[in-house]
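This one's a predicted model, so the numbers in the text were calculated from it and none came from an experiment. The chains referred to below are lettered A, B, ... by the order of the sequence lines, with proteins before strands, and numbering in each begins at 1.
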Protein chains: 2
Amino acid sequence: MGGPRFEPVRTVRAYERIVEQIEEAIESGALGPGARLASERELMVQFSVSRSTVREALRVLQSRGLVRSRPGDPNGAEVLPFSPAALHKSMTTLARVAELSLSELVQFRMVLDAAALLLAARLRTEEQLEEMAAAVERMKEADRDTFSDADVAFHDVVARASGNKLIQVCTDVVRSVVVGLIAGKIAAAPDEEALMRRSIAHHEEVLAAVRAGDGPLAARLFRRSVYDYYAGYVPEEERIALQALLE
Amino acid sequence: MGGPRFEPVRTVRAYERIVEQIEEAIESGALGPGARLASERELMVQFSVSRSTVREALRVLQSRGLVRSRPGDPNGAEVLPFSPAALHKSMTTLARVAELSLSELVQFRMVLDAAALLLAARLRTEEQLEEMAAAVERMKEADRDTFSDADVAFHDVVARASGNKLIQVCTDVVRSVVVGLIAGKIAAAPDEEALMRRSIAHHEEVLAAVRAGDGPLAARLFRRSVYDYYAGYVPEEERIALQALLE
DNA sequence: CGGAATTTGTACGTATGTATG
DNA sequence: CCATACATACGTACAAATTCC
């Protein structure tokens, strides 16, 4: 009675311990991109577990985008450079199981890209400004297929210019999630040509604001442009939520 | 020559096919939270693969937070309700391998929570407003340990009131990532009491703005408050990036 | 309360296709 | 082309854990 307070023990699987150790080595930088893990047979000796256990751990690491293993590779699994694939995957899952509405996704994109613009207007270099201008030029000359590529390129430069890697990755992830999820929902726009022309005009205005260093203006113009583009696809009752971001 | 153009085939692992099928069933809602998968032995018959292959698939699904399996459970693996754990994990990994700076993380939090405030000021119910007020009251009476709980509770209500589930989940994830990562970096503040008092005052101002329906003001006040709190910990040269969000 | 039945966790062996030198 | 080492996948076996009678 009154002895030491023991804590409940959570039995932790063998493969989990392996995942933890390798993950720690990668995240701490001890194992950089391109580095090789030992072969599965060696790993089972090092961790003194069976082959199955090693393999289960490797599968988890692989699903998190940290390593990749190929059959026949004389070296072991390869440590991969960081990729937002895992983040992309979990956000897509979130979008599907939480049944996110189109307006929620669009709203999120408005928030993140507007923030990127706000920062980019202050922090962009001359070179990045030129890249943005070049992307807008490509939008003008693009056809239906290459238009969105140029659009993505523009916002990609903006995100890079924001100087925030987290914003850069997340804008990219969110944009592709949005595009992927609405691809089916949105029937091909009847007046696609008109939409493209208006989008180009909007991008030129946004670019001018970034060039002038007016971040709030650039962000405002962008939000308006996104609203104009998607409002028609969003149910009436969800539109007020989008409008709340237009001030 | 000139025959049909064949496409390169990407060999896809057996376990991947299993993951895809079960994932699809869960994300489409065919398998809801609480549902049970067949036992591993049954699954190996259904998919006509070996047990190891089934297990590798289950491990991946488990690491994505979709299912959970316990030893001895006569039912199969359990389908879990959605949890942002996977999102949290990938964002933590991103933060570590991309070596995100404190200012990048704080900046991201400023963006997301400010957006939540902007929306909440318009869309909040009276009930939510009362919850926010109650959280602020708890901050006043809190000690060092419970203070941040009340703080989190406040922002959690705000995120819910934003009406955007994506924003709600992401603010939560980002906040805990920030807290987790700076826990070690930041030495216990010497003037913790003063910081707490100022934080309470800021929250009262923010709450008043939300009550008045002035989203932009609430967002501005919040960004300023976050800046004041963290600026001292951020290297001089990174501060301008944070200041860019204060307009 | 206890023991039987079932399931997961883990170990081990083997066959096969593949990449490297 | 061959030899080697590897990942992939299969099958069996047993221990530990859980449920149910």
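- Residues that satisfy the salt bridge (charged side-chain N to carboxylate O under 4.0 Å, His left out) test with A:R41, not counting sequence neighbours, are absent from this structure.
- For the pair A:E16 CD and C:dG9 P, the interatomic distance rounds to 11 Å; values are reported in whole Å.
- Between the side chain of A:Q107 and the backbone N or O of A:A241, at least one donor-acceptor pair lies under 3.5 Å.
- Taking atom CG of residue B:N75 and atom P of nucleotide C:dT6, one finds them 14 Å apart after rounding to whole Å.
- Taking 4.0 angstrom as the limit, A:S50 places a side-chain polar atom (N or O) nearer than this to OP1 or OP2 of C:dA11.
- At the heavy-atom level, B:R59 lies under 4.0 Å from the strands shown only through sugar-phosphate atoms.
- Here A:R96 contributes atom CZ and B:S28 contributes atom OG; the two are 6.5 Å apart, rounded to the nearest 0.5 Å.
- Counting any heavy atom pair closer than 4.0 Å across all strands shown, A:R36 reaches no nucleic acid atom.
- Counting any heavy atom pair closer than 4.0 Å across all strands shown, A:R41 reaches a base atom.
- Bounding nucleotides for the chain A contact on DNA chain D, 5' to 3', at a heavy-atom distance below 4.0 Å, are D:dC6 to D:dA9.
- Across all strands shown, B:A77 has no heavy atoms under 4.0 Å from either base or sugar-phosphate atoms.
- Nucleic acid contact for A:S52: base, since at least one base atom lies under 4.0 Å from a heavy atom of the residue.
- B:D73 has its side chain out of reach of B:E78: every pair of non-hydrogen atoms, C-beta onward, lies at least 4.5 Å apart.
- Note on B:R13: only backbone sugar-phosphate atoms sit closer than 4.0 angstrom, heavy atoms only; bases stay farther off.
- Contact annotation: B:S69 side-chain N/O to C:dT7 OP1/OP2 distance is not under 4.0 Å.
- Distance check: A:R59 CZ to B:E16 CD gives 8.0 Å after rounding to the nearest 0.5 Å.
- Looking at heavy-atom distances under 4.0 Å, A:E40 makes contact with a base.
- Residues passing the ring-ring contact (aromatic ring centres under 6.0 Å, His included) test with A:F154 are A:H203, sequence neighbours excluded.
- Between A:P74 and A:V12, the one whose closest nucleotide on DNA chain C sits nearer the 5' end is A:V12.
- No hydrogens or angles considered: a donor-acceptor pair under 3.5 Å links the side chains of A:T146 and A:D143.
- Residue-level contact check: B:R70 touches the backbone only, with heavy atoms under 4.0 Å from sugar-phosphate atoms and none from bases.
- Atom pair B:L58:CG and C:dG9:C1' shows a separation of 12 Å (rounding to whole Å applied).
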